[in-house]
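Written out below as C-alpha cells is the structure these notes cover.
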Amino acid sequence: MQVRTTRRSLPTLALACVLAAACSSEPSGPSVEPQVIEEVQFAASLGIDLNEFEKLPSSGIYIKDLIVGQGEQLIPQDLATIEYTMWLADGRKIFEGRRTWQLGNFEQPLGLEYGSLFMRVGGVRRMIVPPAIGWGDQGSPDGLVPPGAILIFEVELTDVR
C-alpha cells in the first residue's frame, strides 16, 4: 500500500505532531535554564581554561588528560574502577571517592561514562560535562547537584576488567 502525501496534508500532519506533544501525559516540571559550558564563569580554584581542553563533538564534553595512562584501555562493557572528585562550576566539591561500574549499564551520569571512554589505567582526566548528560533538568536525587548544572570531574582510572 502506498501512502500519498500532498502539500496540503503536510501542515496538518505537523500540527498533529505538535498537539500530540503538547497533550502528552508526561508531567512537566519547572523550566530550568541549563548552564552553558562556554558561557559560565568557572571558579578560579578550578583552574579551568577551556582553550586547554578538547571538546568531544558528539557529546559536548570537554576533556583534558592530565596524565596519560600506560595500562589497559577502557572500552564499552568493561568494568571500570575509578577514583574521582566532582565539583560544580562555582567550585563546590560535591563528591570524592572510589567507584566501580560496568560501562554501558548507565549507572553513572552519562557524561562520566562518555568522558572516561578510552582512558588507560593510570591515567588522570579532567572533564567538564554539560547538564544534558550530567544530572539534567532534575538535578541529583540527593539534592547536591542543582537542576541544569555543569559538572566537573577529575578521574583517575585505577582498574579495568
Side-chain angles (χ1 to χ4, degrees), residues 17-18 21 24 26-161:
C17 290
V18 169
S24 167
E26 291 293 317
S28 62
S31 179
V32 174
E33 191 66 37
Q35 292 180 315
V36 177
I37 291 174
E38 296 82 5
E39 296 174 4
V40 75
Q41 179 69 41
F42 291 98
S45 61
L46 295 172
I48 292 176
D49 178 355
L50 284 182
N51 294 319
E52 297 174 354
F53 285 74
E54 173 188 357
K55 184 177 183 180
L56 303 178
S58 61
S59 64
I61 297 172
Y62 282 80
I63 64 169
K64 177 182 177 183
D65 285 320
L66 305 176
I67 299 172
V68 177
Q70 300 301 311
E72 189 172 345
Q73 189 175 49
L74 181 62
I75 59 173
Q77 300 306 310
D78 279 346
L79 190 65
T81 301
I82 62 171
E83 292 185 14
Y84 73 105
T85 305
M86 178 175 67
W87 297 270
L88 296 177
D90 65 7
R92 281 184 286 160
K93 186 188 294 185
I94 300 298
F95 182 83
E96 186 170 27
R98 182 180 186 92
R99 182 151 294 162
T100 299
W101 86 97
Q102 184 171 4
L103 267 73
N105 286 355
F106 308 111
E107 299 167 17
Q108 306 302 313
L110 198 53
L112 181 57
E113 288 206 22
Y114 285 167
S116 299
L117 276 172
F118 308 116
M119 286 183 72
R120 291 189 174 277
V121 172
V124 177
R125 181 174 286 172
R126 175 76 57 107
M127 56 187 89
I128 306 169
V129 176
I133 55 176
W135 284 107
D137 291 342
Q138 303 302 312
S140 64
D142 59 12
L144 292 175
V145 178
I150 291 168
L151 302 175
I152 297 93
F153 291 98
E154 189 164 302
V155 175
E156 179 181 357
L157 182 60
T158 60
D159 190 38
V160 170
R161 289 177 276 176

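For the numbers below, each heavy atom of this structure counts, side chains included, while hydrogens, waters and symmetry mates do not.
- A distance-only check finds a donor-acceptor pair linking the side chain of S140 to the backbone of V145 [under 3.5 Å].
- I37 pairs in a side chain to side chain contact (heavy atoms under 4.5 Å, CB included) with only one of the listed residues (V129, I48, I150), which is I150.
- Heavy atoms from other residues, nucleotides or ligands lying under 6.0 Å from CD of E38 number more than 12.
- Under the side-chain hydrogen bond (donor to acceptor under 3.5 Å, both in side chains) rule, Y84 has a single partner from R98, R99, E96, which is R99.
- Scanning all heavy atoms of the two residues, the minimum distance from I61 to G115 falls at CD1-N, 3.7 Å.
- Within the cation-pi definition used here (under 6.0 Å to the ring centroid, within 45° of the axis), R161 does not qualify as a partner of W101.
- In this structure, the separation between CG on D90 and CD on Q41 is 11.5 Å, given to the nearest 0.5 Å.
- Note that NZ of K55 and CD1 of I63 are 13.0 Å apart. Values are rounded to the nearest 0.5 Å.
- Between F53 and Y62, the angle of the ring planes goes over 60°, which puts this pair in the perpendicular group of the 30/60° scheme.
- With sequence neighbours excluded, no residue satisfies salt bridge (Lys or Arg N to Asp or Glu O under 4.0 Å) with E156.
- Annotation: Y114, atom OH; neighbour count of heavy atoms from other residues, nucleotides and ligands within 6.0 Å does not exceed 12.
- With sequence neighbours excluded, no residue forms a ring pair (Phe, Tyr, Trp, His ring centres under 6.0 Å) with F118.
- Put simply, CD1 on I82 and CG on L112 are 4.5 Å apart, with the number rounded to the nearest 0.5 Å.
- Between the CD1 atom in I152 and the CE atom in M127 there is a gap of 11.5 Å [rounded to 0.5 Å].
- Listed by chain and number, the residues in a salt bridge (Lys or Arg N to Asp or Glu O under 4.0 Å) with E52 are K64 (sequence neighbours excluded).
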